[in-house]
Number of protein chains: 2
Amino acid sequence: MRLSTRGRYGTRALLELALHQGEGPVLLRDIARKQEISLSYLEHLITPLIAAGLVASTRGPKGGVMLAKPAEEIRLNEIIYLLDGPIAPVECVNSKKACARSEKCAPRDIWQELRKAMNDILSSITLKDLASRQIAKEEFEGTMYYI
Amino acid sequence: MRLSTRGRYGTRALLELALHQGEGPVLLRDIARKQEISLSYLEHLITPLIAAGLVASTRGPKGGVMLAKPAEEIRLNEIIYLLDGPIAPVECVNSKKACARSEKCAPRDIWQELRKAMNDILSSITLKDLASRQIAKEEFEGTMYYI
DNA sequence: GTATTGTTGACCAACATAGTCTACAATAAT
DNA sequence: ATTATTGTAGACTATGTTGGTCAACAATAC
Ligand code: FES
Ligand code: FES
């Protein structure tokens, strides 16, 4: 029952972007450094986010990446989905065909409840919310933010 | 965000036992057949459950395994924990030391909410509940149960 | 044109998953 | 006591996933 680094790193990278929204493109290198993610790895993580239209990128000098839409329009479940695939704890929760007898499987109902609970939480939180939380944490401590 | 087969198979195996509670030892072979789990694999899954005192086993002819305590005293989170380890979506949710700066990580709060939600669900359901659900499903269909 | 940035894809080491197979230990029935 | 029957333990393995690295390439500001 583990979230992969992809989802976590991606979330952190986007949080970073949310915190710098409106300041123009941010260098991948800077995100990588601040979040302590390997640059080469981050490159891979950012790709699907660009493809999905969450992130806009510009190449060349003064280039970088930035959020392609307001932080309040990006929900965490989107991010996780793009990087880790469906939230489902088991295949059959999404596609009945995965397990042969999904029709009469009591455990399956439980897995579905799990899925729903997770999805409800993740889809209730926007990047904006996350950024606000982060800022609150930092102000409380009075230090430079880091994640 | 996936539950491994261990947790799923284990749950199904225990459900099977719950449905046969009070009928004496059930053969591993029978569980394996009914649940379509490889016997050799099931043997591995049952071991930690025995060690944890959820299941009692007797060897030799007329042997087999059975629930070591009433089905209403076994909660799903126990089973999952024994077979899949901590529910935590990320390390740092359990042990702060896993991530260096867990103190000021907003995402971490989210992961903790996720953990709590999952745990709440799993710990609210006992094997007895699961068995009842299963029986209800079968009666509704009027067929032999299978999972 | 050149330095700078993102983009792509090939490649890889380590680990986890989902098993199999074999030898062994206990015990009930005879 | 022997034997057939059951669970127990451990070594082994094949496959996939994770979490990367590296090098070549494409776009663009200057
Ligand atoms: S149907 Fe997929 S777990 Fe039972
Ligand atoms: S502290 Fe572990 S994800 Fe941020």
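Below, chain A is the first sequence line, B the second, and so on; all start at residue 1.
With R115(A) as the partner, the side-chain contact (heavy atoms from CB on, under 4.5 Å) test is satisfied by one option alone out of I110(A), D120(A), N94(A): N94(A).
Rounded to whole angstrom, the span from the CZ atom of R2(B) across to the C1' atom of dT18(D) amounts to 14 Å. Between the C1' atom of dG19(C) and the CD1 atom of I46(B) lies a distance of 17 Å, rounded to the nearest Å. When rounded to the nearest whole Å, the span between CZ of R12(A) and C1' of dG19(D) equals 14 Å. In this structure, K62(B) atom NZ and dA26(C) atom C1' are separated by 17 Å, rounded to whole Å. Between R6(B) atom CZ and dA16(C) atom P the separation is 12 Å, expressed in whole Å. Here the C1' atom of nucleotide dT7(C) and the CG atom of L39(A) are 12 Å apart, to the nearest Å. The nearest whole Å value for the distance from the CG atom in L49(A) to the P atom in dG6(C) is 14 Å. Note: CG (L42(B)) to C1' (dG19(C)) measures 12 Å, nearest angstrom.
Closest approach to the S40(B) side chain among dG6(C), dG7(D), dC21(C) is made by dC21(C) (side chain taken as heavy atoms from C-beta onward). Minimum atom distance to the side chain of S38(B) is reached by dT20(C), of the listed dT20(C), dG6(C), dA3(C). For E43(B), the side-chain atoms get nearest to dA9(D) when compared with the rest of dA28(C), dA9(D), dG7(D). Taking every side-chain heavy atom of T5(A) into account, dG19(D) is the closest of dT6(D), dG19(D), dT8(D).
Look at S4(B) and you won't find any side-chain N or O under 4.0 angstrom from OP1 or OP2 of dT17(C). Side-chain nitrogen and oxygen atoms of Y9(A) include at least one within less than 4.0 Å of the OP1 or OP2 phosphate oxygen of dG20(D). Side-chain nitrogen and oxygen atoms of Y41(B) include none within less than 4.0 Å of the OP1 or OP2 phosphate oxygen of dT17(C).
Using a 4.0 Å heavy-atom cutoff across all strands shown, V55(B) reaches no nucleic acid atom at all.
The residue among L3(A) and T58(A) whose nearest nucleotide of DNA chain D is located toward the 5' end is L3(A). In this structure, R59(A) and R8(A) both approach DNA chain D, and ranking their closest nucleotides by distance from the 5' end singles out R8(A).
Taking a 6.0 Å sphere around NZ of K62(B), one finds it holds 12 or fewer heavy atoms contributed by other residues, nucleotides or ligands.
A heavy-atom distance below 4.5 Å is not found between the side chains of I125(B) and R75(B).
Between the side chains of Y9(A) and S4(A), no donor N or O sits under 3.5 Å from an acceptor N or O. Using modelled atom types and a 3.5 Å distance limit, the side chains of D129(A) and T126(A) yield a donor-acceptor pair.
Judged by atom type and distance alone, H44(A) reaches the base of dT21(D) through a side-chain donor-acceptor pair under 3.5 Å.
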